[in-house]
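What follows is a short report on a single structure.
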Amino acid sequence: MKTIKGPGIFLAQFIGDKAPFNSLDSICKWAADLGFKGIQIPTLDKRFIDLQLAAESKTYADELKGKIASYGLDITELSTHLQGQLVAVHPAYNELFDSFAVPEVKNNPKARTEWAIQQLKYAAQASQNLGLNAHATFSGSLLWQYFHPWPQRPQGLVDEAFTELAKRWTPILDVFDECGVDVCYEIHPGEDLFDGVTYEMFLDKVNQHPRACLLYDPSHFVLQQLDYIQYIDFYHERIKAFHVKDAEFNPTGRQGTFGGYQSWADRAGRYRSPGDGQVDFKTIFSKLTQYDFDGWAVMEWECCIKNQEDGAREGSEFIRKNIIHVTDKAFDDFAGAETDANFNRKILGL
């Protein structure tokens, strides 16, 4: 067994325009001072990483990695959640998702998709240059608005959408394969890959591509009332990244999983800071360790109640306490002895 690395922190929810969240140096010092050992870096803000340059220049990648290491930190993974979302967008979401794209491709869905695909390819090459073996992203969605449809979906709609999704992602997965990096899809409501079944459907369409892997985040499964522990048993061989994000689900006689169009704080299902929700992280860390997961435990903060800086400070300690430092010795070694066939037969009275 292997010891999970950590604690790490996903920077996406912390980056901003005020210190210490407005530059790579200041946010690295902040994270290190809180006890984090790794940072997961979103890739759309050039204050923190120039993705294309990291893909094209090993020198730049080495300098970036060195700067982060000077604060005692590693890069856990790069993230293209926003660009991955734009690989597949239904027209109903065009205006909303345009905010994720660079200005030159806005109001042009075809150009936006091409830009997003190129971004993912840059991410593969940048990850390789940085010595990373996993990458965090979203799948995008052509179908989400039809997940609970009325009227019913026409026959073949789901298959057609997954065929198209695979068509867009297969060349990306191939580039990641060439670079020796796993694509870790965060299975998430709003994506076409939102649970185990949809992930398996996608795997079938990409011919079980070895780089089509998983970012495990139990919080999204609490909101779906999916068995997030058994999920590890099913998919542990594909889990290559891990978000430590908590959640709780408290249904009432007035609302349940769909949340009644309420704000996050007023939904039955809502995200919480690590340790404040209902996720059984002790069992999760035990299972992942048992299955030899050797990636990073990365805190993702999306709490609707707690201050983000308190959440980060507490999250660092929470992960540290839950990481299991694996034993190199069996507890019953004292009773062991070398195999002796004659002795064993004697014990059995043979």
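We number each residue from 1, following the sequence as shown. If you're wondering where the values come from, they're calculated on a predicted model, not measured in any experiment.
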Residues that K110 engages under salt bridge (Lys or Arg N to Asp or Glu O under 4.0 Å), provided they are two or more places apart
E114
Apply salt bridge (Lys or Arg N to Asp or Glu O under 4.0 Å) to K306 and D276, showing your working.
CA-CA 9 Å; K306 182 168 288 182; D276 290 351; 2.7 Å; yes
Which residues pass the side chain to side chain donor-acceptor pair (under 3.5 Å) test with S139, not counting sequence neighbours?
none
Sequence neighbours left out, what passes side chain to side chain donor-acceptor pair (under 3.5 Å) with T283? Give chain and number order.
D280
Contacts of W169 meeting side chain to side chain donor-acceptor pair (under 3.5 Å) (sequence neighbours excluded), chain-then-number -> none
Connecting only ILVMFWY residues whose side-chain heavy atoms lie within less than 4.5 Å of each other, what is the rest of V326's hydrophobic cluster?
M1
Supply the members, apart from Y93, of the Ile/Leu/Val/Met/Phe/Trp/Tyr cluster built from side-chain contacts under 4.5 Å; use none for a lone residue.
L44, L82, L86, V89, L96, F97, F100, V102, V105, W115, W144, F147, F194, F258
Can you pull the salt bridge (Lys or Arg N to Asp or Glu O under 4.0 Å) pairs that have at least one residue in residues 89-106, sequence neighbours excluded?
D98-R112
All side-chain contact (heavy atoms from CB on, under 4.5 Å) counterparts of I75, not counting sequence neighbours:
I41, I68, L78, L130, L132
My understanding is that only residues two or more places apart in sequence, or in another chain, count here; which of them pass side chain to side chain donor-acceptor pair (under 3.5 Å) with R238?
none
Listed partners of I305 passing side-chain contact (heavy atoms from CB on, under 4.5 Å), at least two apart:
R270, R272, C303
Using residues 17-25 as the side-chain source, report each donor-acceptor pair under 3.5 Å to any protein atom, sequence neighbours left out, with the distance given to one decimal.
unit_1: S23; atom_1: OG; unit_2: S26; atom_2: N; d: 3.2
unit_1: S23; atom_1: OG; unit_2: S26; atom_2: OG; d: 2.7
unit_1: D25; atom_1: OD1; unit_2: Y71; atom_2: OH; d: 2.7
unit_1: D25; atom_1: OD2; unit_2: K67; atom_2: NZ; d: 3.4

Enumerate the residue pairs fulfilling salt bridge (Lys or Arg N to Asp or Glu O under 4.0 Å) with a member in residues 178-187, sequence neighbours excluded, ordered by first and then second residue.
D182-R211
